[in-house]
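See structure below.
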Amino acid sequence: MTLLKAVRGTRDLLPPETELWNHVEAVTRRVFARYNFGEIRTPIFEDTSLFARSVGEETDIVSKEMYTWEDRARAQSEKSQSLTLRPENTAGVVRAYIEHNLGETGLLQKLYYIGPQFRRERPQKGRYRQFWQIGAEVIGPPSAGSESPLRDAEVLEMLSSFLDELGITGWNLVLNSVGSSTDRPKYVAALRQALAPVKDRMSPDNQRRAETNPLRVLDSKDPADEAIIATLPKIADYLDEASKAHFAAVCAALDACGVKYEVNPRLVRGLDYYTRTTFEFTHGGLGAQNALLGGGRYDGLSEMLGGPKAPGIGFAMGLDRLILTLQSAQIESAPSASAILADAFVAPLGEQLNAPALKLARDLRRQGLRIELGDGGFRIKKSFEIANKLARNIILLGEDEHASGILTVKNFATGEQTKIPRDQLASALQTR
RNA sequence: GCGGCUAUAGUUCAGCGGCAGAACGCCUGACUGUGGCUCAGGAUGUCGUGGGUUCGAUCCCCACUAGCCGCCCCA
């Protein structure tokens, strides 16, 4: 029989690494709560057309990277339906916003999520087919202030605080504006026009991009094409007054609270729905996958999905990459890679003491201690060996201890061995 | 989807066209109620999968699968 393995691009997360994941998630919930965000959990799969309409039919994600299947009809009256494992979570959040008429509250919705997403890409460092994202969206009717540049700045400030609180240093915030939903098509048209006479002199990659997605030419890393790219029209010249003012206000608010950023007029994002502010937090040490998180404003997304006018801004952060960054930086505040030690290892000396040992372990655990329970079948030496690996102390429960209620406790760090009455055990272990 | 590199013990890796190796880990003992350190001994394995060349393949060739790195794209 062939050995079953996790499928390509998926992986198991095991302890103690999961401690680090839990730590990151705990910091996320703590920080985001301070900004009064609430958690949303949307389904892991959705109707395929949700992603086709939001992410963009022509994007690589939709055209070749989605896990899509036909959910067969179970009855004559039922139609089959095309379903897709979510490749990102913003579309699902906006769908939920529309479906539950959240705009009718008249309030800004501030929602965050933590969960797996799926794209059928070639796996590499920090890139998996099932990958985890932390994201947040601020969305609501214009009357709730959802269009305000203050919302953009607040989200960016929250992210900078979040990364600081995690202990990640050396991140870089890159900012741009891609204009309103009317600016953007005008600019793309101008870009196509400017590219037409010169694209033949560019690399094959850029020739193809010039056809399919001209914005991406700006992202090119090909030094040979630099000179041509420098002559192309700039998005900043195509922004209307409102978009310019919006961007200036975002920058001013960031300046006011000392959040450092760099404006990169070439930063474009891959998804069709972005308008105005777009951004990326990058970090070295991630190889080619240097983007830690990315996001932007999507003022027209709700309407694209048939909903009410509901401008919004949000981001998605690659958790797999964030963890990699934390591991490579060996951040002090994060749990280390080494296993977490139990407070004590309870060692029954003889199988007849197994049952009393479980009772002892239960009592200590109920007092909040982290307890590993051994087995009376172990030779005492083996108990010590295991205990030394898993716990800070060992508690011996032999016939004497059981009869007298005074337990033998040895601390591995000091080598000190003492007798402690059962009712004082928990408090004694708290401090050693 | 494309290109390069890789796949050998639980782990990290060496190796060779002719008996399968090291380190760490694991097990046993020195020490029948005492770990770490030390010493002595021991067990590891479809050499990724399938085919081919060869008297003989873990080694050479091909395909496949998976991983890493890069490209495309993207978080």
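Naming: A, B, ... by sequence-line order, numbering from 1 per chain.
Across all strands shown, G9(A) has heavy atoms under 4.0 Å from sugar-phosphate atoms exclusively, and none from any base. Among the atoms of the strands shown, none is found under 4.0 Å from any heavy atom of R11(A). Note on F131(A): a base of the nucleic acid sits closer than 4.0 angstrom, heavy atoms only. D400(A) comes within contact range of at least one nucleobase, with a heavy-atom separation under 4.0 Å. Nucleic acid contact class of L396(A) (heavy atoms, under 4.0 Å, all strands): base. Among the heavy atoms of the strands lying under 4.0 Å from T408(A) is at least one base atom, whether or not backbone atoms are also near. Q417(A) comes within 4.0 angstrom of a nucleotide base, judged by non-hydrogen atoms across all strands.
The side chain of Y128(A) lies closest to C68(B), out of A75(B), G67(B), C68(B). Nearest to the side chain of E121(A), among G33(B), G67(B), A75(B), sits A75(B). Side chain of R209(A), nearest nucleotide from G67(B), C73(B), U28(B): C73(B). Side-chain atoms of R119(A) lie closest to A75(B) of the nucleotides G29(B), C68(B), A75(B).
Legend: ring pair (Phe, Tyr, Trp, His ring centres under 6.0 Å) pairs involving residues 171-201 of chain A, not counting sequence neighbours, sorted by first then second residue: W171(A)-F281(A), Y187(A)-Y238(A). Every pair passing side chain to side chain donor-acceptor pair (under 3.5 Å) that includes a residue from residues 346-358 of chain A is listed here, sequence neighbours excluded: Q352(A)-E399(A).
Against the 90° criterion about 0, the sugar-base torsion of C69(B) places it in the anti range.
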List the atom pairs, with distances to 0.1 Å, where a side-chain N or O of residues 368-377 of chain A and a protein N or O form a donor-acceptor pair under 3.5 Å, not counting sequence neighbours.
residue, atom, partner, partner atom, Å
D375(A), OD1, G377(A), N, 2.7

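If you take CG of L324(A) and C1' of A75(B), they are 12 Å apart, rounded to a whole angstrom. Between F378(A) atom CZ and C27(B) atom P the separation is 10 Å, expressed in whole Å. Across the protein-nucleic acid pair, M202(A) atom CE and C72(B) atom C1' stand 16 Å apart, rounded to whole Å. Between the C1' atom of A75(B) and the CD atom of E137(A) lies a distance of 13 Å, rounded to the nearest Å. Counting to the nearest Å, the P atom of C72(B) and the CZ atom of R120(A) are 20 Å from each other. Summarising the geometry, the separation between CZ on R127(A) and P on G1(B) is reported as 13 Å, rounded to the nearest angstrom. Taking atom CG on L159(A) and atom P on A75(B), their separation rounds to 14 Å, with Å as the unit. F345(A) has its CZ atom 15 Å from the P atom of U34(B), to the nearest Å.
Between G398(A) and M317(A), the residue anchored nearer the 5' end of RNA chain B, judged by the nucleotide with its closest heavy atom, is G398(A).
With hydrogens and angles disregarded, a donor-acceptor distance shorter than 3.5 Å links the side chain of R86(A) to the backbone of T42(A). Side chain of S177(A) to main chain of F247(A): no donor-acceptor pair is present (N/O by atom type, distance under 3.5 Å, no hydrogens or angles).
Every side-chain contact (heavy atoms from CB on, under 4.5 Å) that K234(A) has, sequence neighbours left out, goes to D237(A). Here I406(A) pairs with S404(A), K419(A) under the side-chain contact (heavy atoms from CB on, under 4.5 Å) rule; sequence neighbours left out. Taking R266(A) as the reference, E226(A) meet the salt bridge (charged side-chain N to carboxylate O under 4.0 Å, His left out) condition, with sequence neighbours excluded. Listed by chain and residue number, F32(A) satisfy the ring pair (Phe, Tyr, Trp, His ring centres under 6.0 Å) test with Y112(A) (two or more places apart in sequence, or in another chain). In this structure E121(A) satisfies the salt bridge (charged side-chain N to carboxylate O under 4.0 Å, His left out) test together with R127(A), sequence neighbours excluded. Here K186(A) pairs with nothing under the side-chain contact (heavy atoms from CB on, under 4.5 Å) rule; sequence neighbours left out.
For the pair R8(A) and A66(B), the criterion of a side-chain N or O lying under 4.0 Å from OP1 or OP2 is met. Of the side-chain N and O atoms in Q124(A), one or more sit less than 4.0 angstrom from OP1 or OP2 of G70(B).
Between the C1' atoms of G17(B) and A57(B), the separation comes to 7 Å (whole Å). Taking atom P in both G52(B) and U58(B), one finds a spacing of 13 Å when rounded to whole Å. Taking the C1' atom of each, C47(B) and A14(B) are spaced 13 Å apart, rounded to whole Å. For the P atoms, the distance from U12(B) to G18(B) is 27 Å, rounded to whole Å. Between C59(B) and C19(B), the distance separating the two C1' atoms is 16 Å to the nearest Å. With C1' as the reference atom, C16(B) and G21(B) are 11 Å apart, rounded to whole Å. As rounded to the nearest Å, G67(B) and A20(B) have C1' atoms that lie 24 Å from one another. The separation of U54(B) from U49(B), taken at their P atoms, amounts to 23 Å, rounded to a whole angstrom.
In RNA chain B, runs of at least 3 consecutive Watson-Crick or G-U pairs, each pair with both distances below 3.5 Å, span B:1-7 with B:65-71, B:10-13 with B:21-24, B:26-30 with B:38-42, B:48-52 with B:60-64.
With hydrogens and angles ignored, a donor-acceptor pair closer than 3.5 Å exists between the side chain of E401(A) and the base of G33(B).
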Which pairs, protein N/O on one side and nucleotides 35-44 of chain B N/O on the other, fall under 3.5 Å?
residue, atom, partner, partner atom, Å
G35(B), O2', N388(A), ND2, 3.4
G35(B), N7, K410(A), NZ, 3.2
G35(B), O6, K410(A), NZ, 3.2
G35(B), N1, F412(A), O, 3.4
G35(B), N2, N388(A), OD1, 3.0
G35(B), N2, F412(A), O, 2.9
G35(B), N3, N388(A), OD1, 3.4
G36(B), O4', N388(A), ND2, 3.3

Atom pairs, N/O to N/O, protein against nucleotides 3-6 of chain B, distance under 3.5 Å?
none

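Taking 4.5 Å as the limit, every side-chain heavy atom of W132(A) sits out of range of all side-chain heavy atoms of L322(A).
Between the side chains of D164(A) and S161(A), no donor-acceptor pair is found at a separation under 3.5 Å. With no hydrogens or angles considered, a side-chain donor-acceptor pair links R276(A) and S243(A) at under 3.5 Å. If you check the side chains of T68(A) and T84(A), you find a donor sitting under 3.5 Å from an acceptor.
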